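To keep things clear, I will list the structure first and then write my remarks on it.
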Amino acid sequence: MTVGESGEILQRLQVDMSSSSMMIFRAVLMAAGGTSKPVTYAAISEALKKSVHKKYTKAYVYSQLNSLEEEGFISIDTVQHPKQYMIVESSVADALKRRSQRAISELICKRERITAKLDLLEKAAPQDIAITAYNDLVGISSQGGSIMIEGIENVRSMVIREFADSAKPGDSIRVLASAGTLAEGLGPGGITELRIIQSGFRGVKVRALLIPVEQTELTMSLIAGHLRTLSGDFVQGVSTGNIELRLAGERLQTYRMVSLNSEKILLYLTQAKASDIAALIHRKDNPVLVDDAIETFDRLWNTGFDIIAPITQKVSSQ
């Protein structure tokens, strides 16, 4: 193996040979004259002065020596007085092996995130992507009044613009839907669900409540399948504590809606798996309807049961 190849491997293991910690590692080796030979701090300090044209405080050198010990690059004998420091080849090999395993795990996670995003792009409708890109580029302002929306793409675009993208840190998004739409073949989540989940990254509280189908296990599998293409973002959103998911404790016909705080709701007017007609209703235009929808959600939420842990586990395993 050439010097260049060794350097590339160390770089991939995040071992920077020009860093201060590695300079101190070299000083230990120089002061000892080889591996498995103990050396004192005084000798290390002297070797540092000769090899590095930079002054390090005593406290800094000690902190780096402790860090090197924690990583396994050096051993410290605290029984001797003064302390003795030593580099053991087998310990360094173990330390590099651990770094290698961490690097492999990070690469696997990165690959899984990229695969999930590619899967999402393959399944996303071109119209959804186009509408989302257009909204982002043009910066369409929020709809000021209550309106009817027709067309699947227009409904999805409205959810993204009026709820996912309009929400600010501390705001609350409620999502109320039936798992029956998943059972009817709604399929994997797309751009709309992704943008709602991503709003949780910036401090928006997202609470999703689903009305179950007959079997709880079937409902859980349907939800996990729907979130499969969004697994990386979903797990990340859950880790922020801003994404919550519950199943209602009863099966009933109720609102299918998205809300932002108590200001406005988007009310789906069909139970079709991909609704093509909805109403955006601002509280100022119909406070009775908005308040009833929010109160219904909160009542069902309080009596529902939390499924975020099992769903996260299912999604992660997929």
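Predicted model, so just to flag it, every value in this text is computed and none were measured.
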Side-chain donor/acceptor of [X] to backbone N/O of [Y], under 3.5 Å:
X    : Y    : result
N261 : E263 : no
S231 : L227 : no
S91  : G72  : no
D233 : L230 : no
S63  : Y60  : yes
T35  : I87  : no
S45  : A42  : no
T312 : V235 : no
D285 : I281 : no

Do the non-hydrogen side-chain atoms of [X] and [Y] ever get within less than 4.5 Å of each other?
X    : Y    : value
V159 : Y268 : yes
T192 : F163 : no
L65  : V28  : yes
E250 : L300 : yes

- Query: Is I308 linked to L222 within one hydrophobic cluster, defined over Ile, Leu, Val, Met, Phe, Trp and Tyr using a side-chain heavy-atom separation of less than 4.5 Å?
  - Reply: yes
- Query: In terms of hydrophobic clustering (I, L, V, M, F, W, Y; side-chain heavy atoms under 4.5 Å; direct or indirect links), are M148 and I265 co-clustered?
  - Reply: yes
Nearest-0.5 Å distance that lies between atom [atom1] in [X] and atom [atom2] in [Y]:
X    : Y    : atom1 : atom2 : answer
Q101 : L96  : CD    : CG    : 11.5 Å
S178 : R251 : OG    : CZ    : 8.0 Å
T240 : R202 : OG1   : CZ    : 11.5 Å
I211 : L247 : CD1   : CG    : 8.5 Å
K264 : S146 : NZ    : OG    : 10.0 Å

- Task: Quick one: sort the Y62 and Y85 rings into parallel, tilted or perpendicular, breaks at 30° and 60°.
- Result: tilted
- Query: Who are the side-chain hydrogen bond (donor to acceptor under 3.5 Å, both in side chains) partners of R99, not counting sequence neighbours?
  - Reply: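 Checked R99 against side-chain hydrogen bond (donor to acceptor under 3.5 Å, both in side chains); matches are E71.
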- State, to 0.1 Å, how close G200 and V206 come at their nearest heavy-atom pair, and which atoms those are. N-CG2, 4.4 Å
- Note on the structure: With V204 as partner, the option from I243, I197, L260, I173 fulfilling side chain to side chain contact (heavy atoms under 4.5 Å, CB included) is I173
- Message: Run the side-chain contact (heavy atoms from CB on, under 4.5 Å) test on L267 and L269 for me, step by step, so that the C-alpha distance in whole Å, both residues' side-chain angles and the decisive distance to 0.1 Å come before the verdict.
- Response: CA-CA 6 Å; L267 191 62; L269 301 181; 4.3 Å; yes
- Near E150 CD, under 6.0 Å, is it more than 12 heavy atoms from other residues, nucleotides or ligands? no
- Task: Under the side-chain contact (heavy atoms from CB on, under 4.5 Å) rule, collect the residues that match up with E295, sequence neighbours excluded.
- Result: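 Testing E295 for side-chain contact (heavy atoms from CB on, under 4.5 Å), a comparison that skips the adjacent residues, returns D291.
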- Message: S157 vs R161, test: side-chain contact (heavy atoms from CB on, under 4.5 Å). Steps then yes/no.
- Response: CA-CA 6 Å; S157 176; R161 188 174 73 234; 4.0 Å; yes
- Message: Show every ring-ring contact (aromatic ring centres under 6.0 Å, His included) that has at least one partner inside residues 283-308, sequence neighbours left out.
- Response: F297-W301
